[in-house]
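Let me begin by presenting the structure, written as structure tokens, before commenting on it.
Atoms within a ligand are numbered from 1 in the order they appear, just like the ligands themselves. Here the structure is a predicted model, which is why all the values come from computation and not from measurement.
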Amino acid sequence: MLPFKLVYSDDYYLPIGAHVFPAEKYRRIHERLLETGVAEEPDFVTPQPASDQDILLVHTSQYVHKLKTGTLSAREELEMEIPYSPELVRAFWMAAGGSILAAKHALNDRIAFNVGGGFHHAFPDHGEGFCMIHDVAVAIRRMQRDDKISRAMTVDCDVHQGNGTAAIFAGMRIPGAPLPSTGPAILNPAKPAKLRNEHAGDVFTISLHQANNYPAWKPPSSIDVDLPDEIGDDDYLGWLDNALSSGLRQFDPELICYIAGADPYREDQLGGLSLTIEGLKRRDELVFRAARARDIPVMVTFAGGYARNVNDTVAIHCNTVIAAREVMSP
Ligand SMILES: [Zn+2]
């Protein structure tokens, strides 16, 4: 048995037909975790779909109405980049319910996974980049509404910037917030990354992403690390360590929401970074160690992953569970 819960539903499957997004990955992650003995059936818990009331904690009533009545404009559907259907709406409500349940378990058990979710490109009033509903934001707002937490931090390691997250949680700038004084020695001066440090309200947002990639417009997160193309394991880990230390010096969250995208992988079709599968597991360990050292609960969601071979995407996501078992076991 794992010392934490994995929230999963077969209904996470996104009915989007042939698509670069491997909608079957959730079912395959579930299977592989069982087949390899990483998890057993009792480690999994089944979510209920989020209620409309939960979704409305983040999204506008006009947008929710359009989704529930199938009245998105052609432009809005195009921007979402996945074909609308009532079944797709149900899958996103389920993903949001999964993140709510994972957040609850994380607060009890120090860590929990939603074997899905991480739809960080959804905005309050529209969907973008394969994301209809921002499940992580819904979970944070629900935990705040229930007085379980007041402050949360998002740590987004998907290769694409968390534009929806940044827009939803845009808050006040902390005056004189310290910037990391120097980069770690490990960083390669030939490939400088750019670190931007903007604002924080009750949710502090960190995003490490490829600068030269979707989304073209990147609304400011609390900390954005704009990485150059083709950055490898050691440089990436140096920047992640730097951003986490800086963020956790400035802000004291009661919950970390880790968005563990598989797409910084060097074989990813929609990414331009050069991390290895092993490097991505070290990334996961680094996040979990930082949380454990400060005794901050972590809720994990999986986000993107478009490897040429879908087995690699599944392996990267399963490794995040293994990294948590290694780091978070008592
Ligand atoms: Zn992505």
Side-chain angles (χ1 to χ4, degrees), residues 12 14 16 19-26 28-29 79-82 91-92 95-96 99 113-123 126-137 154-169 193 205-219 221 223-231 233 236 239-240 243 257-277 279-281 283-284 287 299-310 312-320:
Y12 285 173
L14 302 178
I16 52 179
H19 197 284
V20 67
F21 190 100
E24 76 284 8
K25 77 174 182 179
Y26 307 120
R28 294 192 48 182
I29 295 163
E79 202 173 14
M80 203 159 67
E81 297 188 85
I82 40 177
F92 274 96
S99 287
F113 281 69
N114 185 7
V115 181
F119 296 112
H120 59 160
H121 301 311
F123 285 71
H126 73 277
E128 267 190 44
F130 319 151
C131 301
M132 178 187 283
I133 290 295
H134 200 309
D135 56 289
V136 176
T154 60
V155 177
D156 191 337
C157 290
D158 192 276
V159 79
H160 305 103
Q161 195 239 9
N163 55 349
T165 321
I168 289 165
F169 296 121
T205 55
I206 297 178
S207 180
L208 263 83
H209 47 263
Q210 185 187 5
N212 178 29
N213 204 327
Y214 169 87
W217 177 61
K218 297 175 175 63
S221 312
I223 295 179
D224 281 296
V225 184
D226 300 322
L227 297 166
D229 298 350
E230 305 296 332
I231 200 168
D233 292 344
Y236 184 95
W239 278 106
L240 175 59
C257 296
Y258 176 36
I259 298 170
D263 48 13
Y265 178 45
R266 61 180 172 194
E267 297 292 327
D268 197 88
Q269 300 172 84
L270 301 185
L273 300 185
S274 295
L275 275 75
T276 64
I277 291 180
L280 286 159
K281 182 159 180 272
R283 169 199 72 169
D284 299 333
V287 174
M299 187 267 272
V300 186
T301 55
F302 280 151
Y306 317 92
R308 282 172 193 89
N309 182 345
V310 72
D312 288 349
T313 298
V314 171
I316 292 162
H317 287 316
C318 290
N319 278 347
T320 308

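The 12-atom threshold is exceeded at CZ of Arg28, counting heavy atoms of other residues, nucleotides or ligands nearer than 6.0 Å.
Residue Asp158 approaches the Zn ion (ligand 1) most closely through its N/O/S atom OD1. Considering just the N/O/S atoms of His160, the one nearest the Zn ion (ligand 1) carries the name ND1. For Asp263, the N/O/S atom at the shortest distance from the Zn ion (ligand 1) is named OD2.
Between Ser99 and Thr301, the shortest heavy-atom distance links the atoms OG-CG2, 3.5 Å.
For the atom pair Asp284 CG and His317 NE2, the distance stands at 10.0 Å (nearest 0.5 Å).
In summary, no N, O or S atom of His121 is located under 2.8 Å from the Zn ion (ligand 1).
Ring planes of Trp217 and Phe123: parallel class, angle under 30° (limits at 30 and 60°).
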